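On a predicted model such as this, the values are computed, not experimentally measured, just so you know. In what follows, residues are counted from 1 in the order of the sequence shown.
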Amino acid sequence: SIQTTGSQNVDKAASGRIVIYNGFSSESQVLVRRTRFKTPDGKIFRIRENIIVPGADMAGGQIKPALIEAEAVADGPGEEYNVGLVDFTIPGFKGTARYDKFYARSKTPMSGGFSGVSPVVSKRDLDSLEEAVRRELTDNFMAQVRQELPSGFVIPEKGTILMVDQVRHSHEAGDPVEQVSVSMKASYIAFASKIQDIEKSIIKKYIIDKNHEAASSGIEIENINDLSYTAKNSNFTDKKADLSITGKAHAVWQFNEQALKTELIASPRKSRLNVFNKYPEITRAQISFWPSWWRVFPGKTEKISISIKTSP
């Protein structure tokens with residue numbers, strides 16, 4: 001809800017529901033549109049449509065008035081027509097036998113009468129309110145999606161859409177009210193891409209070619225989560241989109257550390273560095289001891305620590 005920002009001169013007639021009684025005869029009575037009804041203090045209200053008041057029940061010599069309900073509108077604008085529950089006479093029957101037998105009573109108070117400068121709903125009010133609700137719904141949906149998103153998935157930019165199914169306004173543009181509210185029924189769709197699949201696609205397209213075999217233990221993009229993902233040509237109906245990826249991907253060849261340690265232990269000291277040549281994933285290597293003065297190579301793999309430095 002927001003406060004309305006428009007204003008204009010407004011002349012509005014009060015209105016309400018009345019019950020009209022026929023205690024005159026068993027015959028029905030037509031009351032034409034704009035038939036007048038008068039309050040005890042002289043205010044005139046008129047019915048909106050033609051109506052037929054049913055005939056009274058005259059059985060057993062007793063008169064049981066028939067009744068019908070109708071909407072009545074003040075004969076003029078202004079707050080003075082906002083009256084409570086009252087009885088009405090029908091001036092058109094004055095001077096006839098019907099005058100005392102046809103009458104009406106309020107079912108609801110007469111309300112809504114106004115004359116003067118009034119705040120009104122502007123189109124800008126409705127547009128800004130709808131946009132605010134859309135933003136809030138989107139933020140709430142997105143927070144829920146991120147909370148429920150399985151590990152290993154990413155939602156690309158522009159890969160979501162708010163599908164608005166229904167919008168309802170409490171009032172329309174031009175209505176003289178101080179506050180307007182909107183309710184919206186919507187659903188939310190988000191594309192989610194599996195990071196592992198993205199990684200494989202990058203490696204296949206940009207890193208591995210026909211003359212270059214993958215490392216025996218594979219290749220990883222170590223900064224895969226730092227890249228930027230954007231959905232393009234999104235078709236949420238067919239659930240299809242193109243994924244645009246930007247950034248500098250850092251590919252790191254993987255190797256079997258346990259196998260390397262085992263081979264280093266088994267190799268003679270003079271040919272130990274040659275073991276690294278069996279691993280094309282490794283471009284440069286050196287062996288260091290700790291403490292620095294120690295020169296006996298470990299005989300157990302758990303005594304060997306491998307420190308990996310990736311190329312920039």
Legend entry - Any donor-acceptor N/O pair, Asp127 side chain to Arg124 backbone, under 3.5 Å: no

Inset, instruction - Considering non-hydrogen atoms only, spot the tightest contact between Ser122 and Ala173 and give its length. - result: C-CB, 4.3 Å

Under 3.5 Å, sequence neighbours excluded: what are the donor-acceptor pairs made by side chains of residues 154-166?
unit_1, atom_1, unit_2, atom_2, d
Thr160, OG1, Tyr188, OH, 3.1
Gln166, OE1, Arg168, NE, 3.4

Inset, instruction - Enter the distance from Lys101:NZ to Ser25:OG here, rounded to the nearest 0.5 Å. - result: 11.5 Å

Inset, instruction - Can you label the angle between the Phe37 ring and the Phe88 ring as parallel, tilted or perpendicular, going by 30° and 60°? - result: perpendicular

Inset, instruction - Keeping to residues at least two apart or across chains, list the ring pair (Phe, Tyr, Trp, His ring centres under 6.0 Å) pairs with something in residues 101-130. - result: Tyr21-Tyr103, Phe93-Phe102

Legend entry - Interatomic distance, Ile221 atom CD1 to Gln196 atom CD [nearest 0.5 angstrom]: 12.5 Å

Inset, instruction - Drop me the distance from Lys303's NZ to Trp290's CH2, to the nearest 0.5 angstrom. - result: 11.0 Å

Inset, instruction - Please check if Ile195 and Tyr206 belong to a single hydrophobic cluster, counting links between Ile, Leu, Val, Met, Phe, Trp and Tyr side chain heavy atoms closer than 4.5 Å. - result: yes

Legend entry - Under 3.5 Å: donor-acceptor pair, side chain of Asn22, backbone of Pro54: yes

Legend entry - Any pair counted as ring pair (Phe, Tyr, Trp, His ring centres under 6.0 Å), so long as it reaches residues 156-185, sequence neighbours left out: none

Inset, instruction - Check whether Tyr99 and Ile20 end up in the same hydrophobic cluster, where Ile, Leu, Val, Met, Phe, Trp and Tyr are linked by side-chain heavy atoms less than 4.5 Å apart. - result: yes

Legend entry - Phe191 and Leu243: CA distance, side-chain angles, deciding distance, side-chain contact (heavy atoms from CB on, under 4.5 Å) verdict: CA-CA 10 Å; Phe191 285 124; Leu243 185 63; over 6 Å; no

Inset, instruction - Decide, yes or no, whether a salt bridge links Glu80 with Lys43 under the criterion of side-chain N to carboxylate O below 4.0 Å. - result: no

Legend entry - Residues that Glu71 engages under salt bridge (Lys or Arg N to Asp or Glu O under 4.0 Å), provided they are two or more places apart: Arg48

Inset, instruction - Compare every heavy atom of Gly174 with every heavy atom of Gln8, then report the nearest pair and how far apart it is. - result: NE2-O, 3.9 Å

Legend entry - Expected output: side-chain Arg272 to main-chain Ser267 donor-acceptor under 3.5 Å: yes

Legend entry - In one Ile/Leu/Val/Met/Phe/Trp/Tyr side-chain cluster, 4.5 Å: Leu264, Ile308: yes

Legend entry - Atom CD of Glu257: over 12 foreign heavy atoms under 6.0 Å: yes

Legend entry - Donor-acceptor under 3.5 Å (Asp125 side chain, Ile2 main chain): no

Legend entry - Min side-chain heavy-atom separation Arg134-Glu131 under 4.5 Å: yes

Inset, instruction - Would you check if the side chain of Asp57 reaches a backbone N or O of Lys64 as a donor-acceptor pair within less than 3.5 Å? - result: no

Legend entry - Test item: Leu126 and Val182 side chains (from C-beta on) under 4.5 Å apart, heavy atoms: no

Inset, instruction - Without swapping roles, check the side chain of Lys261 against the backbone of Ile304 for a donor-acceptor pair under 3.5 Å. - result: yes

Inset, instruction - Would you give the length of the straight line joining atom CG of Leu137 to atom CD of Glu130, rounded to the nearest 0.5 angstrom? - result: 11.5 Å

Legend entry - Co-membership, hydrophobic cluster, residues Val296 and Ile265, 4.5 Å side-chain: yes

Inset, instruction - Ignoring hydrogens and angles, tell me if any N or O in the side chain of Asp11 forms a donor-acceptor pair with the backbone of Ser115 under 3.5 Å. - result: no

Inset, instruction - Check whether any side-chain heavy atom of Gln254 sits under 4.5 Å from a side-chain heavy atom of Glu281, and report yes or no. - result: no

Inset, instruction - Provide the full list of ring pair (Phe, Tyr, Trp, His ring centres under 6.0 Å) pairs with a residue in residues 48-86, sequence neighbours left out, each pair given once. - result: Phe45-Tyr81

Legend entry - Sidechain-backbone polar pair: Asp175 side chain, Val177 backbone, donor-acceptor under 3.5 Å: no

Inset, instruction - Indicate the atoms forming the closest heavy-atom contact of Ser106 with Gly84, along with that distance. - result: OG-O, 3.8 Å

Inset, instruction - Decide yes or no on side-chain contact (heavy atoms from CB on, under 4.5 Å) for Leu85 and Arg105, but give the supporting numbers first. - result: CA-CA 7 Å; Leu85 302 179; Arg105 288 174 177 164; over 6 Å; no

Legend entry - Close side-chain approach of Ile44 to Lys38, heavy-atom, < 4.5 Å: yes

Legend entry - Min side-chain heavy-atom separation Ile18-Ile47 under 4.5 Å: yes

Legend entry - Backbone N/O of Gly55 and side chain of Ser28: donor-acceptor pair under 3.5 Å: no

Legend entry - Exceeds 12 heavy-atom contacts within 6.0 angstrom, atom CZ of Arg295: yes

Inset, instruction - Would you sort out whether Val275 and Leu260 count as a side-chain contact (heavy atoms from CB on, under 4.5 Å), showing the intermediate values? - result: CA-CA 8 Å; Val275 172; Leu260 175 60; 3.8 Å; yes

Legend entry - Heavy-atom pair of closest approach, residues Thr301 and Gln258: OG1-NE2, 3.4 Å

Inset, instruction - Apply the test side-chain contact (heavy atoms from CB on, under 4.5 Å) to residues Gln29 and Phe24: give CA-CA distance (whole Å), side-chain angles for both, the deciding distance (0.1 Å), then the verdict. - result: CA-CA 10 Å; Gln29 173 70 49; Phe24 177 70; over 6 Å; no

Legend entry - Note, Ile202 side chain near Ile224 side chain (heavy atom, < 4.5 Å): yes

Inset, instruction - State the CZ-CD1 distance between Arg98 and Ile90, to the nearest 0.5 angstrom. - result: 10.5 Å

Legend entry - Heavy-atom side-chain contact between Thr230 and Thr246 under 4.5 Å: no

Inset, instruction - May I ask whether Val120 and Val117 are part of the same hydrophobic cluster, defined by side-chain heavy atoms of I, L, V, M, F, W, Y residues being less than 4.5 angstrom apart, directly or through others? - result: no

Inset, instruction - Return yes if some donor-acceptor pair links the side-chain N/O of Asn235 with the main-chain N/O of Asp238 below 3.5 Å, else return no. - result: yes

Legend entry - Shortest non-hydrogen separation from Pro65 to Ala56 and the atoms involved: CA-CB, 4.2 Å

Listing, residues 139-150 side-chain donor-acceptor contacts under 3.5 Å, not counting sequence neighbours, or none:
unit_1, atom_1, unit_2, atom_2, d
Asn140, ND2, Glu136, O, 3.3
Gln144, NE2, Glu148, OE2, 3.3

Legend entry - OG on Ser193 to CZ on Phe153, rounded to 0.5 Å: 9.0 Å

Inset, instruction - Side-chain contact test, heavy atoms from C-beta onward, threshold under 4.5 Å: evaluate it for Arg46 versus Val73 and give yes or no. - result: no

